[in-house]
There are 2 protein chains.
Amino acid sequence: MIIPLSSMAKAKHTISVSAEEKIREAARRVFMKKGYAATRTRDIAEEAGLNLALLNYYFRSKEKLFGIVMEERMKQFFGVITPLMYDTTTTLDRKIEMIVSNYVDMLLQNPDLPLFILNEIRHNSDLFNRFQAGRLIHGSHFVTQLKEKQPGIHPLHFVVSILGMTIFPFVAKPVLQSAGGINQQLFVAMMEERKTLVPKWAKAMIKMK
Amino acid sequence: MIIPLSSMAKAKHTISVSAEEKIREAARRVFMKKGYAATRTRDIAEEAGLNLALLNYYFRSKEKLFGIVMEERMKQFFGVITPLMYDTTTTLDRKIEMIVSNYVDMLLQNPDLPLFILNEIRHNSDLFNRFQAGRLIHGSHFVTQLKEKQPGIHPLHFVVSILGMTIFPFVAKPVLQSAGGINQQLFVAMMEERKTLVPKWAKAMIKMK
DNA sequence: AAATATTTTAATCATTTGATTAAAATATTT
DNA sequence: AAATATTTTAATCAAATGATTAAAATATTT
């Protein structure tokens with residue numbers, strides 16, 4: 001009995017998605033919605049419309065499958081900011097605009113992503129350490145640019161503020177909708193507005209005495 | 001057999017904490033650290049140094065015990081901002097200073113609180129709806145004050161930005177420490193700095209054309 | 001002190017859950 | 001087409017988990 005563990009060469013010519021892929025996609029949806037601990041492997045099998053044993057046949061264990069999903073999602077979450085952080089051909093102002101705009105666009109499509117990522121990392125910080133992004137912020141060109149404009153303030157203050165203003169609304173979305181009386185349509189409209197508001201504010205902050 | 005469910009009158013004169021209270025405190029620590037789904041009732045009993053059956057004797061079920069802990073923690077989390085939101089005797093600028101300062105102080109003592117609250121609410125939004133804070137933001141004096149200064153911008157934009165800049169660093173703490181090279185001591189120092197930075201930035205944002 | 005009520009414990013239940021197995025079904029190679 | 005390899009399934013296992021029970025221990029009242 002050969003165990004594929006998601007790496008066997010597929011000689012399949014089927015048009016439809018492979019069972020392995022169906023499981024990975026189902027796992028992504030269920031893990032993202034419920035988190036690792038609250039997810040049952042049976043939930044994933046059911047979501048994929050396949051037998052439970054296939055999950056272990058292709059991925060060995062719940063934990064290994066989760067690791068694969070988690071790595072994909074971390075790439076998506078940090079992929080928005082990483083290339084821009086190290087870009088040396090773009091002005092600081094333009095970078096800020098792009099970071100905010102790219103994040104809002106991506107998060108409108110994946111509103112559960114930040115809370116999922118940040119919560120799972122908190123419960124297992126190895127997940128993040130195993131990820132490449134060891135020196136994501138520290139030593140980036142973005143940080144250098146910030147330090148030039150405001151040598152007196154730690155550049156991370158600005159990074160945290162920009163990301164906070166951009167990402168936090170999605171983290172707090174359920175509360176905003178209940179306590180703030182914001183429906184889905186208004187939420188989307190406000191996030192679109194923030195694409196121009198947040199960069200404007202951020203630039204002003206960086207120029208401040 | 002009488003079932004107390006945390007409401008029996010205590011005729012006890014013992015100096016030490018009651019078993020019921022020990023369990024509630026242990027539950028708070030374990031639930032906050034691991035979240036509802038990952039918490040085993042046995043973890044709580046062990047943390048409290050008491051027999052597992054006592055948990056069900058005093059609180060009927062894991063879910064009921066969690067509900068009690070959750071309500072306490074939501075009061076703490078939203079209690080920082082609620083009174084200030086409705087205060088009509090304080091200037092907008094002063095309110096902003098106090099919101100940020102009070103939150104930073106509280107979160108330095110309870111760094112896991114935001115992620116715990118926001119994540120559990122996401123997985124069971126009834127938890128928040130059952131909570132009183134139905135109209136926490138909408139209709140508050142704080143919102144009125146914001147609307148006066150900037151009629152063109154939805155006041156929630158400012159609320160979200162101020163809370164984002166204040167709370168987000170705690171939500172992203174594990175990532176900041178790994179990717180930003182921030183140790184605990186520097187983190188605390190930076191949060192202290194933000195007590196003056198964030199209000200200064202927020203005021204500038206609100207005054208902007 | 002005896003009787004009664006309350007608190008705590010050890011043992012046990014019934015389900016749930018991640019994982020395995022052996023066989024059946026399907027595809028691929030010879 | 002036969003032989004072989006791969007994929008899928010139903011049945012099952014062992015461990016974990018929330019909860020209960022009956023009895024023991026302790027406190028309170030009479």
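By convention in this document, chain letters (A, B, ...) are assigned in the order of the sequence lines, proteins followed by strands, and residues within each chain are numbered from 1.
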Fill in: Atom-pair distance (CG on A:Leu55; C1' on D:dT8), nearest Å
13 Å
Worksheet entry | A:Ser61, nearest nucleotide to its side chain (from C:dA19, C:dG18, D:dT8) | C:dA19
Response to the item:
Against the side chain of A:Asn56, the closest entry in C:dA19, D:dT9, C:dT8 is C:dA19
Item to complete: Give the nucleotide from the list D:dG18, C:dT8, D:dT9 with an atom nearest to the side chain of B:Thr41.
Response: D:dG18
Worksheet item: Is the ring centre of B:Phe168 less than 6.0 Å from the ring centre of A:Phe168?
Response: no
Discussion item. Ring centroids only, cut at 6.0 angstrom: are A:Phe78 and A:Phe128 within range, meaning strictly under it?
Written reply: yes
Response to the item:
Pairing partner of D:dT28, by Watson-Crick or G-U wobble and under 3.5 Å for both distances, is C:dA3
Worksheet item: Has the side chain of B:Arg42 got a donor or acceptor atom sitting under 3.5 Å from an opposite partner on the base of D:dG18?
Response: yes
Worksheet item: How many angstroms lie between CD1 in A:Ile44 and CZ in A:Arg40, if you round to the nearest 0.5 Å?
Response: 10.5 Å
Practice prompt. Could you please name the partner base of D:dT9, counting Watson-Crick and G-U wobble pairs only when both distances are under 3.5 Å?
Written response: C:dA22
Worksheet, complete the sentence: note: B:Arg40, atom CZ; C:dT17, atom P; distance rounded to Å ~ 10 Å
Worksheet item: Does the side chain of A:Asn51 get closer than 4.0 angstrom to OP1 or OP2 of D:dA10 through an N or O atom?
Response: yes
Discussion item. I need the CG-C1' distance between A:Leu65 and C:dT17, as an integer number of Å.
Written reply: 15 Å
Practice prompt. Grab the CD-P distance between A:Glu20 and C:dA27 for me, whole Å please.
Written response: 18 Å
Fill in: Test of ring centre spacing under 6.0 Å for A:Phe158 and A:Phe142
no
Discussion item. Distance check needed: D:dT17 P versus B:Ile44 CD1, whole Å only.
Written reply: 12 Å
Item to complete: Report the distance from atom CG of B:Leu54 to atom P of D:dA19, rounded to the nearest whole Å.
Response: 15 Å
Worksheet item: When you measure from the side chain of B:Ala53, which nucleotide among D:dT20, D:dA19, D:dT9 comes out closest?
Response: D:dT20
Discussion item. Measuring from the side chain of A:Tyr57 (C-beta onward, heavy atoms only), which nucleotide among D:dT20, D:dT8, C:dG18 has the closest atom?
Written reply: D:dT8
Worksheet entry | A:Phe170/A:Phe187 aromatic ring centres below 6.0 Å | yes
Practice prompt. Would you mind reading off the distance between B:Glu21 atom CD and C:dT8 atom P, rounded to a whole angstrom?
Written response: 13 Å
Worksheet item: Which whole-number value in Å describes the distance from B:Asp43 CG to D:dA16 P?
Response: 12 Å
Worksheet item: Base, sugar-phosphate, or nothing for A:Leu52, non-hydrogen atoms under 4.0 angstrom?
Response: base
